[in-house]
Amino acid sequence: MKIAVTYENGQIFQHFGHSEFFKFYSVENGMVTDSSVVSTNGSGHGALAGFLKDNNADILICGGIGGGAQMALAQAGIRLLAGVQGSADDAVKSYLDKTLVYSNEANCSHHDHAHGENGGCGEHSCGSHTCGEGGCSH
């Protein structure tokens, strides 16, 4: 199994569509056997699902991600674990320990505020801006 994590300076990068690096973890028998940081070489938004598939990712752990990117990942057969923050290494360890907290809904976490129960993003709603492939934009 291969796990990909949006990556910046040891942390989970919070905007999938703008990720410049992914850290890939090779896992066998529930243990990480290898890891490497790979540049996207300028690929962004929709192209990132193909980039992950080309790098044999089975699972993606990330922060904020929009609905279009979620669909592209699903079509590529990549399982999504979104809404995760903190250390990339710790998130993978938590996933392997079955303790990772995540959300599979489109989110706007890169706005530094969470959705409310009715889908609002703080003082504005997702209806007033676009939550597309690269996340939410105004």
Side-chain angles (χ1 to χ4, degrees):
M1 168 175 57
K2 198 166 199 183
I3 301 172
V5 181
T6 53
Y7 190 80
E8 183 178 63
N9 298 321
Q11 300 295 305
I12 298 168
F13 186 66
Q14 292 299 302
H15 188 155
F16 172 79
H18 290 204
S19 296
E20 293 182 19
F21 297 94
F22 285 87
K23 188 166 184 179
F24 291 94
Y25 300 80
S26 297
V27 177
E28 292 180 25
N29 300 317
M31 302 287 292
V32 174
T33 59
D34 188 34
S35 66
S36 61
V37 176
V38 179
S39 171
T40 62
N41 293 319
S43 296
H45 295 101
L48 290 176
F51 170 82
L52 293 173
K53 185 172 180 150
D54 290 346
N55 281 277
N56 302 310
D58 299 298
I59 296 169
L60 169 66
I61 297 174
C62 69
I65 185 167
Q70 289 184 37
M71 288 190 306
L73 290 168
Q75 290 172 348
I78 298 170
R79 181 173 178 209
L80 173 63
L81 308 173
V84 183
Q85 298 181 12
S87 161
D89 292 349
D90 289 349
V92 170
K93 182 180 183 312
S94 294
Y95 173 75
L96 295 174
D97 292 343
K98 298 180 178 19
T99 60
L100 182 67
V101 177
Y102 61 92
S103 168
N104 282 338
E105 296 181 18
N107 58 65
C108 302
S109 64
H110 60 272
H111 284 304
D112 294 326
H113 50 261
H115 279 252
E117 287 183 293
N118 61 2
C121 291
E123 68 278 355
H124 62 275
S125 69
C126 279
S128 63
H129 63 280
T130 307
C131 287
E133 284 184 359
C136 298
S137 61
H138 299 277

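Every value quoted in this text rests on a predicted model; they were computed, and no experiment measured them.
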Using a 3.5 Å distance criterion without hydrogens, assess whether the side chain of [X] forms a donor-acceptor pair with backbone atoms of [Y].
| X | Y | value |
| --- | --- | --- |
| Lys2 | Phe24 | no |
| Thr33 | Ser26 | yes |
| Glu8 | Thr6 | no |
| Ser39 | Asn41 | yes |

Connected via hydrophobic side-chain network under 4.5 Å: [X] and [Y]:
| X | Y | answer |
| --- | --- | --- |
| Val84 | Ile59 | yes |
| Ile12 | Leu96 | yes |
| Val38 | Leu73 | yes |
| Tyr7 | Leu48 | no |
| Val92 | Leu81 | yes |

#### Entry: Side-chain heavy-atom pair His15, Phe13 within 4.5 angstrom cut-off
yes
Roughly how far apart are [X] [atom1] and [Y] [atom2], rounded to 0.5 Å?
| X | Y | atom1 | atom2 | answer |
| --- | --- | --- | --- | --- |
| Asp58 | Ile78 | CG | CD1 | 8.0 Å |
| Leu60 | Lys53 | CG | NZ | 14.5 Å |
| Gln70 | Cys62 | CD | SG | 8.0 Å |
| Leu52 | Ile3 | CG | CD1 | 12.5 Å |
| Gln11 | Asp90 | CD | CG | 8.5 Å |
| Glu28 | Asp34 | CD | CG | 9.5 Å |

### Task
Quick one: sort the Phe16 and Phe22 rings into parallel, tilted or perpendicular, breaks at 30° and 60°.
perpendicular
Could you pull out the closest heavy-atom pair between [X] and [Y], with the gap in Å?
| X | Y | value |
| --- | --- | --- |
| Ser35 | Tyr25 | CB-CD2, 3.9 Å |
| Ala4 | Ala57 | CB-CB, 4.0 Å |
| Ala82 | Gly63 | CB-O, 3.7 Å |

### From CA spacing to verdict: salt bridge (Lys or Arg N to Asp or Glu O under 4.0 Å), Lys93, Asp89
CA-CA 6 Å; Lys93 182 180 183 312; Asp89 292 349; over 6 Å; no
### Query
Any chance CE of Met1 has more than 12 other-residue heavy atoms, nucleotides or ligands included, within less than 6.0 Å?
yes
### Task
Could you please spell out the steps behind the side chain to side chain contact (heavy atoms under 4.5 Å, CB included) verdict for Lys23 and Ser36?
CA-CA 6 Å; Lys23 188 166 184 179; Ser36 61; over 6 Å; no
